[in-house]
Each structure stands twice: as structure tokens, then as C-alpha cells.
Amino acid sequence: MPELPEVENVIRSLVNKVSGKKIASVEIITPSIVYKRTDFIDLVKDKTIVTLERRGKYIIIRLDEGNLLIHLRMTGKLLFNGEIGKHTHLKIDFTDGNYLIYNDVRKFGRINYLSNDELNIYLKTKVGLEPGLMELEAFKTKLMNKRGPLKKILLDQTVIAGIGNIYADEILFASGIHPLTETSKLKDEDYIILFDNIRGILEKAILAGGSTIRDYVNGDGTAGGFQDAHQVYGRGGKECICCGCTLEKIKVAGRTTVYCPICQRIR
DNA sequence: CCATACACCTGTGTGC
DNA sequence: TGCACACAGGTGTATG
Ligand SMILES: [Zn+2]
């Protein structure tokens, strides 16, 4: 489900509701979503949530001691006082009677307890540049050191963190760059356009509440609105909004990729 | 080293 | 209607 804009909206919808709350109990309904740690419940129980943060597609629940690191993968949801059902896999009860649940139809998501040091090491090795904070030169250097189709590189979370299949296609279309372009063929001006579109599209998507293709909702249960602004994602075979020609559908790095053969030239 | 396949799961849409 | 199959916002591991 969620890419950076959706994860950001989950956090924004929850941060004021859960910060300061003390955890009274934790119920693990589906053990497979919690990384093996026999003392998980003991580590989390009686802790207080300090705040929520995001790195790439990860949600970090900062506790007064340690952290919960959550990845929603495809269909994970974090819901404040949400409806408990057959897809609820974890429940955190607060001392004031409110609760937070983790729902996930496909059970791909993961929740882990990490100390501050463990978290820092993990993020340093696995999570790349933060789109909203990165600088052009660092971005350019990092991309130039990678070979292969540009879309594959945009999807690589160790390069830039947070871009998934929807936003990769939207960013490339907005930039007028073909998804199979090799970074060695990109000119300085291409890097600037790409950089601006990564930040611009992700920011617009955040402000629109993210994209709801099927079932994404934020922590309140509110769906996003950015799906109405998609130019190419999910539109293979339809006409290009810009030039009217037929949008192509191919596979890149194993993912369905839609682009306009006229508007997005190979460099 | 790389690219591809598959595994993890369930639900939904399509075509016969 | 029913059934088989393809496909889905992601990523880690195995395979060639
Ligand atoms: Zn076009």
C-alpha cells in the first residue's frame, strides 16, 4: 500500500493522538508480524510514546525507552481506536482506554522493537536519502554511482527512501524521462528536473492525503485523494493526458510500469 | 556482480 | 454463476 506520502499521512493523523500516551498492554494476535523477540511485550509494556517519526516508508514510534519500527508493506494499517476484525494482528492498549491497532490483510508488514542504537544502525544501512531533506549534489552523486534503468534506481530504498511504484511512474512522467534511461545518459538539467519532481510530487501527494488505489487509509480511517491526480500510474493503454498518444505498459525491475513513449524520451 | 524468480498472503477483477 | 488466473501500494532471499 503505502509509499512515502501515505506513511507521512498515517503519522500526521496519529502523532497528536498517541504522543504522551502510556502503554498499558500489548496483545500480539498474529506472531508472524512481530520480529522474533521473545521479550517484545515486556519491552513495550509500561512505556510511554514520545512521538512518531518517519524515515522513508518506515514509521518510528519513539518510546521513552527504545522504539517500535513499523513497515506497512502492501496492506498494513495503523489505526487509532479502529475497528477490530479478522485482519487485526496487534493491539496496543493505552492506560486512558484508547488503543492503537495494526491491521494487515496480506500480513506482509512487520513490527520490531529496537533500541536507539539498533535503530540508528538499521536506518543507516537500509534507508537512503530522505527526499524532503536531501540536497541536489548528494542526490546526483548517489544516482551517478548506480547503473541500470532509472526507475529501478528510484525504487531502491537504499538510494532514495520512500518512492514506490506509483510515485516512481508519476515522477518520471512529470520529468519527461523514460523509465529505462541509464543514469550515465542524464544531463545536469535532467538531474535538476528529476530532483524537483521527486520533491514536488511527493509533497503534493502528502498534501492530498496520499493515494488510495484500493484500501489505503490513514490512522483515522480517512482515504487519500491523490489518485485523482495520477497521470500515468494504472493508465496503461489509455491516452496520454499530455499528448494524447497511447500510454505503454512494460515491466521494470519486476514492477508494472506505465509511461508515454512521446513525452518520455530515452536520453 | 547482476537480473530474474519466487516467497510471503489475501482479495478483487477479468475472461471463459 | 463458477472457476482459473492475473494482478496488487513491498521487500528479502534463492537461483541461474
Ligand atoms: Zn504523452
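Bear in mind the structure is a predicted one, so any value in this text is a computation, not a measurement. All chains are named by letter (A, B, ...) in the order of the sequence lines, taking the proteins before the strands, and each is independently numbered beginning at 1.
- dC8(B) and dC3(C) are spaced 25 Å apart, taking the P atom of each and rounding to whole Å.
- Comparing K249(A) and K126(A) by the nucleotide of DNA chain C that holds the closest heavy atom to each, the one mapping nearer the 5' end is K249(A).
- At whole-Å resolution of the value, CG in L4(A) and P in dG10(C) are 12 Å apart.
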Footprint string (nucleotides 9-16 of chain B, 5' to 3'): B base within contact, S backbone only, - free, heavy atoms under 4.0 Å: BBSS----
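- Each of L155(A) and K251(A) has a nearest nucleotide on DNA chain C; the 5'-most of these lies closest to K251(A).
- Using a 4.0 Å heavy-atom cutoff across all strands shown, Y233(A) reaches sugar-phosphate atoms only and no base atom.
- Across dG12(C), dA3(B), dA8(C), the shortest atom-to-atom separation from the side chain of T256(A) is found for dA8(C).
- Between the side chains of Y167(A) and Y233(A), no donor-acceptor pair is found at a separation under 3.5 Å.
- Remark: the D117(A) side chain and the S115(A) side chain contain no N/O donor-acceptor pair separated by less than 3.5 Å.
- Between K57(A) and dT11(C) there is a side-chain N or O to OP1 or OP2 distance below 4.0 Å.
- Spacing between atom NZ of K151(A) and atom C1' of dA3(B) amounts to 16 Å, rounded to whole angstrom units.
- A donor-acceptor pair shorter than 3.5 Å can be found between the side chains of N98(A) and N81(A).
- A side-chain N or O of N103(A) and one of T88(A) form a donor-acceptor pair less than 3.5 Å apart.
- Summarising the geometry, the separation between CD1 on I213(A) and P on dA8(C) is reported as 11 Å, rounded to the nearest angstrom.
- For K251(A) and T256(A), the side-chain atoms include at least one donor-acceptor pair closer than 3.5 Å.
- Distance CG (D104(A)) to C1' (dG10(C)): 11 Å, rounded to an integer number of Å.
- For the pair T75(A) and dG9(C), the criterion of a side-chain N or O lying under 4.0 Å from OP1 or OP2 is not met.
- Applying the ring-ring contact (aromatic ring centres under 6.0 Å, His included) rule to H89(A) yields no partners; only residues at least two apart in sequence or on another chain are considered.
- Rounded to an integer number of Å, the gap from Y216(A) OH to dG9(C) P is 16 Å.
- As rounded to the nearest Å, dT11(C) and dT12(B) have P atoms that lie 23 Å from one another.
- K151(A) and N165(A) share a donor-acceptor pair across their side chains, judged by distance under 3.5 Å alone.
- Pairing analysis of DNA chain C (Watson-Crick: purine N1 to pyrimidine N3 plus N6-O4 or O6-N4; G-U wobble: N1-O2 and O6-N3; both under 3.5 Å) yields stems of 3 or more pairs at B:2-8 with C:10-16, B:10-16 with C:2-8.
- When rounded to the nearest whole Å, the span between CD1 of I163(A) and P of dG10(C) equals 11 Å.
- Side-chain heavy atoms closer than 4.5 Å link hydrophobic residues (I, L, V, M, F, W, Y) into clusters, and following such links, even through other members, never connects V50(A) to Y113(A).
- With 3.5 Å as the limit, one finds no donor-acceptor pair spanning the side chains of K238(A) and T246(A).
- Between I166(A) atom CD1 and dC7(C) atom P the separation is 18 Å, expressed in whole Å.
- Separating the OH atom of Y167(A) from the C1' atom of dG9(C) is a distance of 9 Å, rounded to the nearest angstrom.
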